[in-house]
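The next block holds one structure in the form of structure tokens; read it before the comments.
We use all heavy atoms of the structure for the numbers below, so side chains are in, but hydrogens, waters and symmetry mates are not. Here is how names work: the chains are called A, B, and so on, in the same order as the sequence lines, proteins then strands, and each is numbered from 1. From a predicted model like this one, the values you see are computed outputs, not experimental measurements.
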Amino acid sequence: MKIVVQEGLFDPWAEVAAYQRDHLPAGKHGGTVVFVGTMRDFNDGYEGIRAMFLEHYPGMTERHLEKVCQDAMERWDVLDCMVVHRVGEIRPDEPIVLVAVWSEHRAMAFDACRFIINDLKSRAPFWKREATPQGERWVEHNTQDPNAA
Amino acid sequence: MKIVVQEGLFDPWAEVAAYQRDHLPAGKHGGTVVFVGTMRDFNDGYEGIRAMFLEHYPGMTERHLEKVCQDAMERWDVLDCMVVHRVGEIRPDEPIVLVAVWSEHRAMAFDACRFIINDLKSRAPFWKREATPQGERWVEHNTQDPNAA
Amino acid sequence: MKVKVKYFASMRDRMGKGDEELELQEGATIADLWQAVSQEVLPENTLVAVNMEYTDLSHPLKEGDEVAFFPPVTGG
Amino acid sequence: MKVKVKYFASMRDRMGKGDEELELQEGATIADLWQAVSQEVLPENTLVAVNMEYTDLSHPLKEGDEVAFFPPVTGG
């Protein structure tokens, strides 16, 4: 399991490839599901968003994500999982979050990946401040996944 | 949209990265969901599987996958999607299939990706023959996803 | 009328060939075609396609059609 | 007893600071703590954590606890 909260830009596909190469035993995982959240240049009716700033609660964020991943691994018989989340200044088209889940079968990987990102979006202590053409604003709520577990 | 059926080994994460870089407009997709199916060295109670051979119906396979992706794109408002599937000889730990879906929000991307892989596994004309320590056998059925759409 | 027939995977093994061409009466269906190529009952879970689209045994054929018989699929 | 208090995001803007230390009576709850730091009612959707675990306003505090107040989360 790998949980990282970092300021620097990351390449989600390279991260998944490297983690899989270094940590997953060969021939045991049949299904991998990866979610990547990328910054859009529009949100909640605001267009032309230039940047956003992501704040977090150092310590609690990592601890919360670890617990959620452990829960998911037990509940769905997941082999391994990984979460990378950026903080600090982020620009449109940059990745914000990566969730990767490896399991024997696809159903478990889909369920576990969705569970982790839904929990992350509703419970992990991160907050977005957007720089819109009309000034800065705290984003007040995340969109709900209608299929949230 | 990109649909490829190929004999050669491929790197699913590099494929997703390259396709996204070349085809997705910046700042429009907020959620990407990728499924990768990888060959295991066990299946249906058979252990120590050394290799398998994937046969397909050239022409029908590609046409079927295109139709499924088009359906998914309309039904879930998906921005773009990609399927790569290998045929021919495949060895444990090699990727068999990649399904990637880009959309504005994550719920659509999860639903569409799962729909495509479930349809692929139940309807796209591919057949696996496994080389087990007890000899070759045609795999007779795929495991069902209990949450199949 | 002439139609092309294709067999895949275990169906090819069972038939001992991957494809053949057949001369059928006008209006013949896929069920009629199967009777012309085999004495055996078509295995229950066999899938059939005409011109690369799934269909069923009652499908009436026409000149030049490509018919395929194959077992449940196992890709992915 | 002494406790540490942290405010994040819009809650920090509202309080005009990111953290403070507070002297409270033994047995004080998070609701009591809030009354000690603000005249205003705690905004309805505010989340509270003690020692980095979610909890609620009735949680009794003890020496050295770290209490955090923050708005609904918006990561991912």
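Around CD of B:Glu140, the count of heavy atoms belonging to other residues, nucleotides or ligands within 6.0 Å does not exceed 12.
With respect to chain C, the highest number of heavy-atom pairs below 4.5 Å among B:Met39, B:Arg86, B:His85 belongs to B:His85. Options B:Leu120, B:Val97, B:Val139 differ in how many heavy-atom pairs under 4.5 Å they form with chain C, and the most are formed by B:Val139.
Interface with chain B: from residues 5-42 of chain C, residues C:Lys6, C:Phe8, C:Ala9, C:Ser10, C:Arg12, C:Asp13 qualify, criterion being any non-hydrogen pair under 4.5 Å. Close approach to chain B, defined as a heavy atom under 4.5 Å from one of its heavy atoms, is seen in C:Glu66, C:Ala68, C:Phe70, C:Pro71, C:Pro72, C:Val73, C:Thr74, C:Gly75, C:Gly76 of residues 65-76 of chain C, taken by number. The interface of residues 43-53 of chain C with chain B, defined by heavy-atom distances below 4.5 Å, comprises C:Ala49, C:Asn51, C:Met52, C:Glu53. The contact list for residues 49-66 of chain B toward chain C, using heavy atoms and a distance under 4.5 Å, reads B:Leu54, B:Glu55, B:His56, B:Tyr57, B:Pro58, B:Gly59, B:Met60, B:Arg63, B:His64 by residue number.
Residue B:Arg123 touches chain C through both its backbone and its side chain, counting heavy-atom pairs closer than 4.5 Å.
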